[in-house]
Amino acid sequence: MAVAEQTLASAPVRRKQASQSYLSLVWWKFRKNRTAVFGGVLLLVLHIAMVGVPEFVSPYLLERTSDYVEAKPQRIRFFDQEGNFHLRPFVYGLEKKIDLAKRTRVYVDDPIRIYPLGFFVAGEPYQLFGLIPLKTHLYGTLSDDPAASVFIMGTDALGRDWFTRILYGGRLSLMIGLIGQLMTIAFGTILGAMSGYYGGWVDQLIQRATELLGAIPDIPLFMALAAAIPSFWSPISVYFMLTLILSFVRWGGLARQVRGLILSLREREYALAAKSAGGSDSRIMFRHLLPGTMSHVIVIATLAIPGMILSETALSWLGLGLRPPLTSWGVLLQDAATVRAIHTTPWELWTVPFILLTILAYNMLGDGLRDALDPYSGR
Amino acid sequence: MSVTNQTQSQAQPPTKNDTILLDVKGLKKYFPIQKGFLRRTVGYVKAVDDISFFVREGETLGVVGESGCGKSTAGRSIIRLYEPTAGQVSFKSQVLGSNGQTKTVNLLDLNAQEMKSVRQEISMIFQDPVNSLNPRMSVSDIIAEPMIIHGMKMGQDTEDIIVSLLERVGLRSDHLRRYPHEFSGGQRQRIGIARALSLNPSLVICDEPVSALDVSIQAQTLNLLQDLQKDFNLAYIFVAHDMSVVEHISDRVAVMYVGKIVEMAETDALFTNPLHPYTEALLSSVPKPDPLYKPHRIMMQGEVADPSNPPSGCYFHPRCRYAQDLCKEKSPEFRQIKHDHWTACHFAGELKLEGI
């Protein structure tokens, strides 16, 4: 050994070897899970389209109304009435008719008016991210006819494009999920970590508080808190208040889990080693304990975001959450929640697949993360 | 590697001196048992109950006993990982002394700042090679941590120290950027040892450092610990439950039972001529590498006594095959029977006990 030592010492080789850090292991394992990657990509697309740039993806702006009230979705076609193939897809114009027997207004396709569709067409001007002035939309009609329209998912009672509304509604609904969950993580982790690390009366206080919160049924608590929001507040303040309420109700569970983890981690020998070397409380907390809880917290948070989104949807649907003129998925569902709507304007239910897709994607991602974030087990 | 070790040990005979490094007197650690809503204390687990021992510079004190007898708690109480209930722990500190002089301090009296400084001189090696290294930190971060805690900056100098430590414990410098999961159990334990040595301590508390390793790795690790002891003049408190391991590494041995030291002597004296029936029973459990040997093992009845509710008199009497009425009534005194051979048994010296 002495000889080996000398050669090593005389040649101070510091080879930068490819070493597997925790994160690279996580990525390696996550990548192999196709479902989770699919969920992740789907979420990325949904978030970019809705939270990031709904102005660009939608053919119209949110406020734009039209004369087509409760119009059915326009089918995208490649073949016209004579059976001729068009390379460029098109929609027929809509013609309003009154059904005298049913006493309702109906729209029928007008095969004479053909509106060709295109990508990246110029439309109403908007500002991307509130900064960059743009006129380009992802898709739209190329026709100059002022009556030209493309409502792939129909319109609402004010003649607004339903797909546009879904996109803008997703912005608030998805953001309530993200921001609300971030706040839940902040509350839950800080309080849980304090509870677990300091113990004693701090622990008692926090634990009793979570029990108290957990003992109150959710919906009445929401109703009480939502009723406490003054009615003269601007819709956006209501929105932030609602986010706060949602995370306030939900931090308890996470705090308990973090507390449990901290209790177990602080007896781990590496935490004891740092303590025996004289490491400060904050060092042990931030270097050894909290990083150990993060994988768990991220998984729990990912799997809880759908609950957050659904809560918003449910509350808004009940009329306790967001209200028009704000557009969220809950608000959109409110429109669609009448028998009349299901009967005469079933396309207003297009919101539902988007909600389902988002929630499924979050669950796929969460499941994948759960397996990947614990890369040391079950190889 | 063992060959080189032997030649080294012949070249440098161990030099022992009589300077006492650590002197523990009457150390107690009681954990309160709390019940009910108001958390009233209804009793205590006497994990460490009034133990006294000392460690000389550069020597190894083995501490043995069955699981749950307070060995680890004793080790952790010394370094105040657990705040001891009572007692005195005198430690000869270099750091707190001035002008190169050492200063003997009672660790339990030190304030937080002084205690932090002393922690440079006392380090710990842990049992579980999986749990003792943070999986999120690279080897270099792990070994550097004590140095950073004590105010060193991460840089070329620190890295040089880490590399030399790694090489000293038998790892390579290119292991520096790796993560704990990329190593075997024995290698991880070596990383733990390098971390313990990074601040150049004079006392290392080894909390069952080889219990979780397989036998061949145990031997390597023990040899490494012995080499390091010679090189750095380290004193070890070596907590273990394996008698043969303790025999191999220790200069003196303390046997613990239910929070108390029942026998303490030099290794040879204790192994050949035990004075406490508990020590005798432990020794009879050591397997002999001789197929013709007919063992007559002493099977102890029952479990280790409950430290929250110990038996009357001598704690060992319900399991002792020599127990008499006196043992149930009176707790034996821990007394010196022969030179440097202490025991707590009413009939020490009168019984004819068998060693190895």
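Here is how names work: the chains are called A, B, and so on, in the same order as the sequence lines, proteins then strands, and each is numbered from 1.
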More than 12 heavy atoms of other groups within 6.0 Å of A:R208 CZ: yes

message: When you measure from the side chain of A:R283 to the backbone of B:I149, do you find a donor-acceptor pair of N or O atoms at a distance under 3.5 Å?
response: no

message: For B:L133 and A:E269: C-alpha separation, side-chain torsions, deciding distance, then whether side chain to side chain contact (heavy atoms under 4.5 Å, CB included) applies.
response: CA-CA 7 Å; B:L133 308 177; A:E269 289 178 342; over 6 Å; no

- request: Using a cut-off of 6.0 Å, state whether more than 12 heavy atoms not belonging to B:F31 lie near its atom CZ.
  value: yes

field: B:E145 side chain to A:A274 backbone, donor-acceptor under 3.5 Å
entry: no

statement: Scanning both residues in full, the closest heavy-atom pair of A:L272 with B:L81 reads O-CD2, 3.8 Å

message: So which residue, B:I148, B:N134, B:I79, ends up with the most heavy-atom pairs under 4.5 Å with chain A?
response: B:N134

query: Measuring from B:R76:CZ to A:S276:OG, what's the distance to the nearest 0.5 Å?
result: 9.5 Å

- prompt: If you take all heavy atoms of B:S132 and A:Y270, which pair is closest and at what distance?
  reply: O-CB, 3.4 Å

field: Over 12 foreign heavy atoms within 6.0 Å of NZ, A:K275
entry: no

- prompt: Got more than 12 heavy atoms from elsewhere within 6.0 Å of CZ, A:F248?
  reply: no

message: Could you check whether atom OH of B:Y44 has more than 12 heavy atoms from other residues, nucleotides or ligands sitting under 6.0 Å from it?
response: no

- prompt: Counting heavy atoms not belonging to B:E83, are there more than 12 under 6.0 Å from its CD?
  reply: yes

Residue selection (most heavy-atom pairs with chain A, distance under 4.5 Å) from B:M115, B:Q127, B:R80: B:Q127

message: For B:R136 versus A:S295, what's the shortest heavy-atom pair and its separation?
response: NH2-OG, 3.9 Å

task: Assess whether side chain to side chain contact (heavy atoms under 4.5 Å, CB included) is satisfied between A:R268 and B:V130, documenting all intermediate values.
output: CA-CA 10 Å; A:R268 287 274 167 95; B:V130 178; over 6 Å; no

message: If you count heavy-atom pairs within less than 4.5 Å of chain A, which of B:H150, B:M124, B:M137, B:Q120 leads?
response: B:M137

